[in-house]
2 protein chains.
Amino acid sequence: MTAPKTASPSKSRSQATRKRTRIQREKQDLILEAALDVFSSHGFRGATIDQIADKAGLSKPNLLYYFRTKEAIHRQLIDRLLDNWLEPLRKIDPNGDPLSEIQSYIRRKLELARDFPRESRLFANEILQGAPRIREELHDLRDLVDEKSKIIASWTRDGRIAPCDPKHLFFSIWAITQHYADFDAQIRVVLGRAGEGEGRFEDAARFLDQLYVSGLRPQT
Amino acid sequence: MTAPKTASPSKSRSQATRKRTRIQREKQDLILEAALDVFSSHGFRGATIDQIADKAGLSKPNLLYYFRTKEAIHRQLIDRLLDNWLEPLRKIDPNGDPLSEIQSYIRRKLELARDFPRESRLFANEILQGAPRIREELHDLRDLVDEKSKIIASWTRDGRIAPCDPKHLFFSIWAITQHYADFDAQIRVVLGRAGEGEGRFEDAARFLDQLYVSGLRPQT
DNA sequence: ACAAAATTTTACCATATGGTCAAAGATTAC
DNA sequence: GTAATCTTTGACCATATGGTAAAATTTTGT
């Protein structure tokens, strides 16, 4: 009985029920791109709407025409992020070879850190501050981890990988791979000249292959 | 020819050259304690002087009597932090048994994450945002890492641990151990009931012992 | 072409925030 | 005890910031 999906006579505030126009799509993407930059390097509170608007080349009120609040921008970034972020975990195949599955998982996570460092930092900022804005989404993560942990546990039971706590295994993989995005500033300083290209990701991949493959190979 | 160390007739602003009074020591500690809380959970820009003053039970101008600026408080926290933070790394003994040295290093770092999570998050916040306020201190870290990397490399050369890139080995250890402090919010959600006590640190220690000892034991 | 809708701009506003100042109140040294 | 010094407070200030209102401009559907 309330207004049907597409028939209401416009809401003035764009992101209402109606279909998005071309300009809306373009500008919203532009804003999200700029916001990702700003949020990921200053955190939620440290980021200002003016900064985002500047970077997007819009006036502040114009930006606020597309997103009602600063929090709305942040929300949307987080939502988009989590999907991609969990993809590698979803891909772990219960029927694959255990060590290669884990190795591939590490590779994929490392590629995400290399190709989407801002997203990684956005997420890290959020968790660091106690995850105030993403409690619910974390519960989806928990369910997924529970599911995948069972796979790891079964591999352990079958003697196909060394016994280990599946959740801590995941924690360690997240920690290390994301470290290359989140702590990039530190890593570059420590590596000096060697940290300049993207070679550090290949070195990391090599190191991690060795660590996890030897570390998890079942002891005979 | 300029004023000698302790003879100048007072500077009004306390932290000048003169000897600190009892009250100064007490209040400054109080402020730093409160500031650690606030900075570590909101980042530098997210933290406000009012918040810190409230938590310390002082008025804002009173707080600013002890530290001239917000940045001065932050600086001092960072300075205090880095010393303790690097201690475990300094303790790595070139003459010890390689695998036990690494194992002990991991243990000590994990204990720091358990006992000083706020310090870990303070540091993480800083690096995440590009380390704008601690560029110099990071160079000390680099020197120390260079030194300790040589030790690891020599162990590798002598066949006492598996060949590996020493710096990436350190990165992985920092990442994982600090993860338990920095990503605590996420870890608690994923572990559910099991994440409530401090048992997760023992589980982590067990997991990491296995991973690194098997992963780094020289292949025969 | 032109009306309706969507977009952009200009001018604001209320509040938060980092920081200052001068005077009042406590301590300390002698 | 009292002068000199240190500490605390209350009243401020300039700027930054999230957000709004309404008019002006542009785009779109026909």
Side-chain angles (χ1 to χ4, degrees), chain A residues 3 6-32 34-35 38-39 41-77 132-133, chain B residues 3 6-31 34-35 38-39 42-77 132-133:
Chain A
T6 43
S8 68
S10 107
K11 271 298 211 307
S12 166
R13 285 301 184 179
S14 59
Q15 57 280 332
T17 41
R18 304 207 45 177
K19 205 167 50 185
R20 292 199 307 166
T21 67
R22 173 185 54 86
I23 292 183
Q24 276 169 21
R25 267 192 306 277
E26 285 174 8
K27 292 289 166 72
Q28 284 177 348
D29 284 354
L30 196 66
I31 292 168
L32 289 172
V38 178
F39 279 131
S41 52
H42 300 293
F44 181 77
R45 287 208 54 184
T48 73
I49 297 185
D50 294 270
Q51 250 177 312
I52 299 171
D54 271 6
K55 193 156 282 190
L58 301 175
S59 67
K60 178 161 62 169
N62 196 9
L63 181 151
L64 286 166
Y65 170 73
Y66 292 102
F67 293 90
R68 296 163 101 104
T69 63
K70 181 175 155 183
E71 208 163 328
I73 310 176
H74 192 262
R75 261 233 92 72
Q76 194 146 135
L77 279 176
R133 279 168 287 273
Chain B
T6 43
S8 67
S10 107
K11 271 298 209 311
S12 168
R13 286 300 183 180
S14 58
Q15 57 279 339
T17 42
R18 304 207 47 175
K19 203 168 47 185
R20 291 198 306 166
T21 67
R22 174 186 52 88
I23 292 182
Q24 277 169 19
R25 267 192 306 276
E26 285 173 9
K27 292 290 165 74
Q28 284 178 348
D29 284 353
L30 195 67
I31 292 167
V38 178
F39 279 131
H42 301 291
F44 182 77
R45 288 207 52 184
T48 73
I49 298 184
D50 294 88
Q51 251 177 311
I52 299 171
D54 271 5
K55 193 156 279 190
L58 300 175
S59 67
K60 179 161 63 171
N62 196 10
L63 180 151
L64 286 166
Y65 170 73
Y66 291 103
F67 294 90
R68 296 163 100 104
T69 63
K70 182 175 156 184
E71 207 162 328
I73 309 175
H74 191 261
R75 260 235 94 71
Q76 195 147 134
L77 279 176
R133 280 169 286 273

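Just so we're on the same page: letters track the sequence lines, and every chain starts at 1. What you see is a predicted model; the values in this text were computed from it and never measured.
Protein atom CG of A/Leu64 is 14 Å distant from nucleotide atom C1' of C/dC13, rounded to whole Å. In this structure, CD1 of A/Ile52 is placed 12 Å from P of D/dT17, rounded to the nearest angstrom. With rounding to whole Å, B/Leu63 atom CG is found 11 Å from C/dG18 atom P. Atom NZ of A/Lys60 and atom P of D/dA21 are 15 Å apart (whole Å). Rounded to an integer number of Å, the gap from A/Tyr65 OH to D/dG19 P is 18 Å. Taking atom CD of B/Glu71 as the reference point, atom P of C/dT17 lies 18 Å away to the nearest angstrom. Rounded to an integer number of Å, the gap from B/Phe67 CZ to D/dT8 P is 13 Å. Computed from coordinates, the A/His74 NE2 to D/dG19 P distance equals 13 Å when rounded to whole Å.
Applying the 4.0 Å criterion to OP1 and OP2 of D/dT9, one finds that B/Ser59 has a side-chain N or O inside that range. Distances shorter than 4.0 Å separate some side-chain N or O of A/Tyr66 from OP1 or OP2 on C/dT8. Residue B/Asn62 places at least one side-chain N or O under 4.0 Å from the OP1 or OP2 atom of D/dT9. Considering only side-chain N and O atoms, B/Arg45 lies under 4.0 angstrom from the phosphate OP1 or OP2 of D/dT17.
Under the 3.5 Å distance criterion, the side-chain polar atoms of A/Gln51 are matched with a main-chain donor or acceptor of A/Thr48. A distance-only check finds no donor-acceptor pair linking the side chain of A/Lys60 to the backbone of A/Ile52 [under 3.5 Å].
Side-chain contact between A/Lys27 and A/Tyr65 is absent, with no heavy atoms from C-beta onward closer than 4.5 Å.
The A/Lys27 side chain lies nearest to C/dT8 when the options are D/dT8, C/dT17, C/dT8. When the nucleotides C/dT8, C/dG18, D/dC6 are ranked by their closest atom to the side chain of B/Ile49, C/dG18 comes out on top. Taking only side-chain atoms of A/Thr48, from C-beta outward, the nucleotide of C/dA11, D/dT9, D/dG18 with the closest atom is D/dG18.
Judged by distance alone with a 3.5 Å cut-off, no donor-acceptor contact links the side chain of A/Lys70 to the base of D/dG19.
Between A/Phe44 and A/Phe39, the ring-plane angle classifies as parallel under the 30° and 60° cut-offs.
Counting non-hydrogen atoms under 4.0 angstrom, A/Ala47 reaches the backbone sugars and phosphates but no base.
With sequence neighbours left out, B/Asp54 forms a salt bridge (Lys or Arg N to Asp or Glu O under 4.0 Å) with no residue at all.
Considering A/Asn62, A/Leu63, A/Leu64 in turn, A/Leu63 is the only one that fulfils the side-chain contact (heavy atoms from CB on, under 4.5 Å) rule with A/Ile31.
Smallest separation of non-hydrogen atoms from A/Arg133 and A/Arg75: O-NH1, 3.4 Å.
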* Where protein sits on nucleotides 24-30 of chain D, one letter per nucleotide: B base, S sugar-phosphate only, - none, heavy atoms under 4.0 Å -> ----S--
